[in-house]
Visitor: 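Pasting a structure here, questions to come.
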There are 2 protein chains.
Amino acid sequence: MNRSDAKTRLTTALGGPKLLGPPLFSVGNPARVHQLLTEDERARLSLIASVARFNKGDMLLRAGEPADAVYNVITGVVKSFAVEPDGSKTINGFLFTGDLVGLSDEGKYANSVEAVTAVTTYRLPVSKLESQLRKDAELEFHVICKLCEELRQAQRHAFIISRREAAVRVVLFLHLMEQMQADRGEPTNEIYLPMDRTAIGGFADLSLASVSRAFRKLTLDGVIAVRNRHHVVVRDRKAFDQLAALA
Amino acid sequence: MNRSDAKTRLTTALGGPKLLGPPLFSVGNPARVHQLLTEDERARLSLIASVARFNKGDMLLRAGEPADAVYNVITGVVKSFAVEPDGSKTINGFLFTGDLVGLSDEGKYANSVEAVTAVTTYRLPVSKLESQLRKDAELEFHVICKLCEELRQAQRHAFIISRREAAVRVVLFLHLMEQMQADRGEPTNEIYLPMDRTAIGGFADLSLASVSRAFRKLTLDGVIAVRNRHHVVVRDRKAFDQLAALA
DNA sequence: CGCTGGCTTGATTCTATTCAATTTTCGTGG
DNA sequence: CCACGAAAATTGAATAGAATCAAGCCAGCG
């Protein structure tokens, strides 16, 4: 349950840390996202990284605790959230393969992070990471690319929760999940939703009831089909895009 | 009106670009924000920077255009926004002295930026900045600090617009403005609001009418006093903090 | 087979939006 | 310095949509 239980060190090489994201300056590449790090950089980061595993529901880290490590997700999904004074959770985002977890604010974690599924990560101690970064401008540049990407994600999140209708927010959420899935190179005939409805509500800023109603409405309108709680298919792409105001 | 009209090159030294923000790793400093760049770094950046001035209402840059320069605000205030398909503007944030403007996404600006007041900036061509960054790990590290700060701001924004009551959103907005003012070292007996009510609504995701009603309610409740459209005083700090759920 | 947690559904309430009519403010030119 | 016109802000009435509360349902699991 706690960090030291969940973490196991592996000596096998998995290729090293990965950062997936769009490059900052290049334009018009075929694929939207790339591996931002070179083989060499990944190898160097491997030297300071250990592999940490977490079970579904485990906390990777808690907001306010000393930020002694950042995590690079290898497999699985985590959610980043803040616990409000009133006890409710605001979910900032879901993080997948190639994402970076554990940004700090004055030495303390800014958000709490919990495993949505079983998760494997690279654990990078900040002290070692910092010294690595300070002497490697190229590596840092790639980290900057990743941060810009996260910043855009945060703005996108703000955009989603600023829509008024629940169904629209859910469509935008589904669209985001679908796109991230495509970016990871996974098939997109079906949208995979590892998180539960409550977590979707936490992200889209909707009550559980509203999330449920939105799914029902979208299903009744023939926009989507829910195969089961974790798998959704877009049935009417035109209506879907229309709702998301993407077309 | 366009960029080349508004921009004027100055040979006088103003100290060079500044990045204000909290450091990433150090803890428990007296002041929350610092100048992140060393004198030396600022001097080096000055070599590739020109000074650009803009009048109130001028566009510094537009979303989707090729991102050929980033701007570092010296004086004045700008707002960063995205124009939605339906024509409405979502304001991502207001940027002040020491902030960085013009983050790009695959070589294009991610947001549009407009001057809220008269503004002076350092203009940093991305080509020169990129090569500068690639060979200066220390400088880059400081840029990373700034980006983390912006990321947290974006999350804070999402938090603000996720509140249900308009009055609470406005209080959170005022609190944010007050804190940024304090961070810049300005007096905080009064909160200065350079932007108009519509822009506040664009940021807090409220209609103009709701912003107006929220100000009226807060005034009637004795929480704040509005000296004029651009100056607000917190009259009842306890109630203010209570509304913001900060206490 | 029954339990538990996640989800669905309905009725009511609450709050922002919208639309529209005024009023205030501010910049400009006389 | 004042007057005017335009832009910004205020205010009201009606509407729409989500939250809340509460009850029931379903699936997975011992």
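Any value given below was found using the heavy atoms of this structure, including those in side chains, with hydrogens, waters and symmetry copies removed.
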Visitor: Please list, chain by chain and in numerical order, all residues satisfying side-chain contact (heavy atoms from CB on, under 4.5 Å) with B:Asp205, sequence neighbours excluded.
Guide: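 With sequence neighbours excluded, B:Asp205 shows a side-chain contact (heavy atoms from CB on, under 4.5 Å) to A:Ser162, B:Ile161, B:Arg169, given in chain and number order.
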Visitor: Does B:Lys89 have any salt bridge (charged side-chain N to carboxylate O under 4.0 Å, His left out) partners at least two apart in sequence or in another chain, and if so, which?
Guide: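 B:Glu114.
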Visitor: Does B:Cys148 reach the side chain of A:Leu147, with side-chain heavy atoms less than 4.5 Å apart?
Guide: yes
Visitor: Could you name each residue pair satisfying ring pair (Phe, Tyr, Trp, His ring centres under 6.0 Å) that touches residues 205-230 of chain A, not counting sequence neighbours?
Guide: none
Visitor: Of all residues at least two apart in sequence or in a different chain, which pass the side-chain contact (heavy atoms from CB on, under 4.5 Å) check with A:Ser112?
Guide: A:Met59, A:Arg62, A:Ala63, A:Phe81
Visitor: Picking from A:Leu60, A:Leu95, A:Val78, A:Asn72, what satisfies side-chain contact (heavy atoms from CB on, under 4.5 Å) with A:Thr121?
Guide: A:Leu60
Visitor: What residues from residues 195-203 of chain A pass a heavy-atom cutoff of under 4.0 Å to DNA chain C?
Guide: A:Asp196, A:Arg197, A:Thr198
Visitor: With B:Leu218, which of B:Val226, B:Val232, B:Asp236, B:Ile224 fulfils side-chain contact (heavy atoms from CB on, under 4.5 Å)?
Guide: B:Ile224
Visitor: According to salt bridge (charged side-chain N to carboxylate O under 4.0 Å, His left out), who are the partners of B:Lys18, at least two apart in sequence or on a separate chain?
Guide: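 Residues passing salt bridge (charged side-chain N to carboxylate O under 4.0 Å, His left out) with B:Lys18: none at all.
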Visitor: Return the nearest nucleotide to the side chain of A:Ala209; candidates are D:dC21, C:dT17, C:dT15.
Guide: D:dC21
Visitor: If the helix axis at each end comes from five base pairs, how far does the helix from C:dC1-D:dG30 to C:dG30-D:dC1 deviate from straight, to 10°?
Guide: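 Result, rounded to 10 degrees: 40°.
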Visitor: Identify which nucleotide among D:dT10, C:dC7, D:dG17 has an atom closest to any side-chain atom of B:Leu208, counting heavy atoms from C-beta outward.
Guide: D:dT10
Visitor: Contact list please: residues 213-224 of chain B against DNA chain D, heavy atoms, distance less than 4.0 Å, in numerical order.
Guide: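 Those residues are B:Arg213, B:Arg216.
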Visitor: Contact class for A:Asn228 (heavy atom, under 4.0 Å): base, sugar-phosphate, or nothing?
Guide: nothing
Visitor: Going by the rule salt bridge (charged side-chain N to carboxylate O under 4.0 Å, His left out), which residues pair with B:Glu165 if we only count those two or more places apart in sequence or in a different chain?
Guide: none
Visitor: With respect to B:Arg152, which candidate in B:Gln155, B:Glu150, B:Glu149 satisfies the side-chain hydrogen bond (donor to acceptor under 3.5 Å, both in side chains) definition?
Guide: B:Glu149
Visitor: Could you pull out all residues at least two apart from B:Ala199 that satisfy side-chain contact (heavy atoms from CB on, under 4.5 Å)?
Guide: B:Lys79, B:Ile91, B:Phe94, B:Met195, B:Asp196
Visitor: Mind checking what makes salt bridge (charged side-chain N to carboxylate O under 4.0 Å, His left out) contact with B:Lys56, not counting sequence neighbours?
Guide: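 Residues passing salt bridge (charged side-chain N to carboxylate O under 4.0 Å, His left out) with B:Lys56: none at all.
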Visitor: I need a per-nucleotide contact map over nucleotides 23-30 of chain D, read 5' to 3'. Cutoff is protein heavy atoms under 4.0 Å; write B for the base, S for backbone only, - otherwise.
Guide: --------
Visitor: Starting at the 5' end of DNA chain C and moving along, which residue's nearest nucleotide shows up first, B:Ala166 or A:Ser212?
Guide: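 Looking at the nearest nucleotide for each, A:Ser212 comes out on the 5' side.
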Visitor: Please verify the inter-ring angle class for A:Phe173 with A:Phe203; under 30° counts as parallel, over 60° as perpendicular, anything in between as tilted.
Guide: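 Tilted: the ring planes of A:Phe173 and A:Phe203 meet at 30° to 60°.
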Visitor: Could you pick out which residue, B:Lys56 or B:Val211, lies toward the 5' side of DNA chain C when each is mapped onto its nearest nucleotide?
Guide: B:Val211
